[in-house]
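What follows is one structure encoded as structure tokens, with my remarks underneath.
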Amino acid sequence: MFELMFCSLLTILPDYLYRRYAQSKRFGKEITFFSIWYELRWGITGCLMLTVSLITMIFYFHPTTDSATLYFRTVPILPEGSGRVAEVNVGYSEAVKKGDVLFKLDSSKQRAALETAKRKVAEVDASLTTAESEVVKADAQIEEAKANFQQAKDELDVKSDLQRRNPGIVPQRDIEKLQVLVGQRQAGVDAATASRQSAALRISTLLPAEKASVEATLAEAQVDLDKTVVRAGVDGRVEQFLVRVGDVVNQLMRPAGVLVPEGAGRQGLQAGFGQIEAQVMKVGMVAEATCMSKPWVIIPMVVTNVQDYIAAGQFRSGEQLIEAQNVARPGTILAFLEPLYKGGLEGVTPGSSCIVNAYTSNHEEISAKETSTGRAIALHVVDGVGLVHALLLRIQALLLPIKTLVLSGH
């Protein structure tokens with residue numbers, strides 16, 4: 001309507017003034033309700049053409065959308081295991097800090113496993129102490145066996161020397177018995193040495209490996225016990241926290257609640273523009289937004305990123321071919337916007353619906369020396385009509401509460 005009124009001032013009004021003062025035709029006489037089309041045909045035709053051209057120019061070079069909102073991510077509150085809730089530390093909606101305990105599961109089974117693992121560690125430590133005492137005992141047995149061996153060997157040497165000097169003085173049977181005894185004592189030394197090596201091997205290899213395994217079991221039991229305590233992963237606010245003592249929870253069930261990270265949805269705004277604006281939407285474009293949760297306020301913004309893909313075109317490979325006509329909606333160009341000034345989104349509730357206008361700026365091209373005069377004038381016109389769109393956004397911001405509260409049957 002605004003564009004039509006503006007174009008009428010440049011077409012229908014001059015045509016009427018020419019008919020009235022140059023041709024002396026009077027409204028109600030020569031210009032009647034039935035002859036108005038014939039008399040003002042040039043002005044009416046020019047007005048319609050100019051209006052359509054102006055609207056097309058405005059909405060193409062200065063795109064607008066009402067598909068804009070402050071998206072924010074949420075963190076589902078779920079335990080890593082499963083169990084029955086034993087303690088709840090937060091309410092339905094409450095601010096939390098990173099590491100705060102949200103709720104605890106029954107941990108009797110995990111505590112028993114942890115205590116069993118601790119007992120096994122103590123058992124291995126006791127075995128290590130026993131093995132050390134066995135090494136000491138084996139050392140003593142080796143010394144004893146060596147002494148017995150040396151005694152038998154000395155006696156054998158003495159009798160063998162006597163037999164060599166005076167044959168027949170020592171019975172051959174006694175010498176043979178002593179030789180057997182020396183072999184037995186040598187075997188005793190070897191057995192004691194092997195026993196010591198076995199005990200030393202237990203100390204150096206077997207028991208440390210057993211202890212490492214038991215300590216790993218202990219650590220695993222501690223981790224399982226820690227999993228029964230569900231903590232906040234980030235600073236934020238817990239919402240819709242409905243779990244209560246006695247509830248059974250696990251990862252396959254619904255979340256116990258959601259955790260909204262601090263500052264989520266307050267840094268930027270995401271807007272979906274029509275695909276026809278794909279060549280117009282650029283990073284660095286100035287934009288304006290007005291949001292439902294903060295009416296009558298225009299928020300200056302800037303486009304920081306434009307998504308290179310349209311979500312409607314994505315698919316997952318399957319057993320059937322894609323049928324293009326099954327895509328119900330054409331999809332939009334997703335643009336990311338941030339406030340032009342610090343604190344621009346203060347007071348805007350995350351998730352709020354917004355209306356966004358983006359404005360094309362050709363200042364650099366107009367200022368370039370190689371730009372022709374005709375193109376510079378055309379670009380000036382393109383930039384100038386952005387004022388119309390800015391005015392329309394302010395009218396929308398003014399009428400938004402009325403439209404919502406009165407005209408929508410609130």
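Side-chain atoms are counted along with the backbone in the values below, which use heavy atoms only and exclude waters and symmetry mates.
- Annotation for V280 and F61: closest pair CG1-O, 3.8 Å, computed over non-hydrogen atoms.
- Taking 4.5 Å as the limit, some side-chain heavy atom of I299 sits within range of a side-chain heavy atom of V348.
- Taking the six-membered ring for Trp and thresholds of 30 and 60 degrees, Y359 and H62 have ring planes inclined between 30 and 60 degrees apart.
- Side-chain atoms of T371 and E365 form no donor-acceptor pair, as typed in the model, at a separation below 3.5 Å.
- Here the closest heavy-atom approach between residue M281 and residue P63 is recorded as SD-CG, 3.6 Å.
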Carefully, step by step, assess R394 and E288 under the rule salt bridge (Lys or Arg N to Asp or Glu O under 4.0 Å). CA-CA 10 Å; R394 282 152 177 79; E288 292 180 324; 2.8 Å; yes

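- Under the side-chain hydrogen bond (donor to acceptor under 3.5 Å, both in side chains) criterion, E338 pairs with no residue, sequence neighbours left out.
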Does Y60 form a side-chain contact (heavy atoms from CB on, under 4.5 Å) with Q279? I'd like the steps, not just the answer. CA-CA 10 Å; Y60 180 76; Q279 302 302 317; 4.2 Å; yes

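- A 4.5 Å side-chain heavy-atom check between P350 and R266 finds at least one atom pair inside the cut-off.
- A distance of 6.0 Å separates CG in L337 from CG in L269, rounded to the nearest 0.5 Å.
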Show, in sequence, the C-alpha distance, side-chain angles and deciding distance for Q396 and L400, and conclude whether the side-chain contact (heavy atoms from CB on, under 4.5 Å) test is met. CA-CA 6 Å; Q396 286 179 295; L400 187 60; 6.0 Å; no

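- The heavy-atom pair separating V303 from A335 by the smallest distance is CG1-CB, 4.4 Å.
- The CG atom of D100 sits 8.5 Å away from atom NZ of K97, with the distance rounded to the nearest 0.5 Å.
- Note that OG of S213 and CG of L218 are 11.5 Å apart. Values are rounded to the nearest 0.5 Å.
- Inspection of the R111 and S107 side chains reveals an N or O donor paired with an N or O acceptor under 3.5 Å.
- Atom CD of E115 sits in a crowded spot, with more than 12 heavy atoms from other residues, nucleotides or ligands closer than 6.0 Å.
- One distance of note links SG of C291 with CG of L70; it measures 6.0 Å at 0.5 Å rounding.
- Closest heavy-atom contact between L345 and M301: CD2-CE, 4.2 Å.
- Checked by atom type and distance alone, the side chain of S293 pairs as donor or acceptor with a backbone atom of T349 at under 3.5 Å.
- Here the closest heavy-atom approach between residue F103 and residue V88 is recorded as CB-CA, 4.1 Å.
- Taken to the nearest 0.5 Å, the OG1 atom of T290 stands 6.5 Å off from the CD1 atom of I355.
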Could you go through K211 and D125, starting from their C-alpha distance and side-chain angles, then the distance that decides it, and tell me whether this counts as salt bridge (Lys or Arg N to Asp or Glu O under 4.0 Å)? CA-CA 8 Å; K211 185 173 182 179; D125 289 337; 3.1 Å; yes

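- Taking CD of E123 as the start and CD of E210 as the end, the distance is 8.5 Å to the nearest 0.5 Å.
- Between T56 and V52, some side-chain heavy-atom pair lies under the 4.5 Å cut-off.
- Side-chain atoms of L334 and V306, non-hydrogen and from C-beta on, never get closer than 4.5 Å to each other.
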Assess whether side-chain contact (heavy atoms from CB on, under 4.5 Å) is satisfied between E220 and V223, documenting all intermediate values. CA-CA 5 Å; E220 182 180 1; V223 170; 5.6 Å; no

Let me see the working for Q110 and T228 under side chain to side chain donor-acceptor pair (under 3.5 Å), right down to the final yes or no. CA-CA 8 Å; Q110 289 78 7; T228 62; 5.6 Å; no

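- Between G236 and L259, the shortest heavy-atom contact is C-CD1, 4.0 Å.
- L393 has its side chain out of reach of T64: every pair of non-hydrogen atoms, C-beta onward, lies at least 4.5 Å apart.
- Atom NZ of K98 has 12 or fewer heavy atoms from other residues, nucleotides or ligands within 6.0 Å.
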Walk me through whether E364 and S367 qualify under side-chain contact (heavy atoms from CB on, under 4.5 Å). CA-CA 5 Å; E364 294 182 359; S367 302; 5.9 Å; no

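- Between V243 and F241, some side-chain heavy-atom pair lies under the 4.5 Å cut-off.
- Counting non-hydrogen atoms of neighbouring residues, nucleotides and ligands closer than 6.0 angstrom, the NZ atom of K120 reaches no more than 12 such neighbours.
- Dense packing is recorded around CG of L340, with more than 12 heavy atoms of other residues, nucleotides or ligands lying under 6.0 Å away.
- Without hydrogens or angle criteria, D383 side chain to N362 main chain gives a donor-acceptor distance under 3.5 Å.
- Side-chain atoms of T65 come within 3.5 Å of backbone N or O of S67 as a donor-acceptor pair.
- When atom types are taken as modelled, the side chain of R84 and the backbone of G246 share a donor-acceptor pair closer than 3.5 angstrom.
- The closest side-chain heavy-atom distance from V75 to V258 is not below 4.5 Å.
- In this structure, the side chains of M285 and T360 come closer than 4.5 Å at one or more pairs of heavy atoms.
- Using modelled atom types and a 3.5 Å distance limit, the side chains of N89 and E87 yield a donor-acceptor pair.
- Under a 3.5 Å cut-off, the side chain of T217 and the backbone N or O of A117 do not form any donor-acceptor pair.
- Panel note: side chain N357, backbone H389; a donor-acceptor pair is recorded below 3.5 Å.
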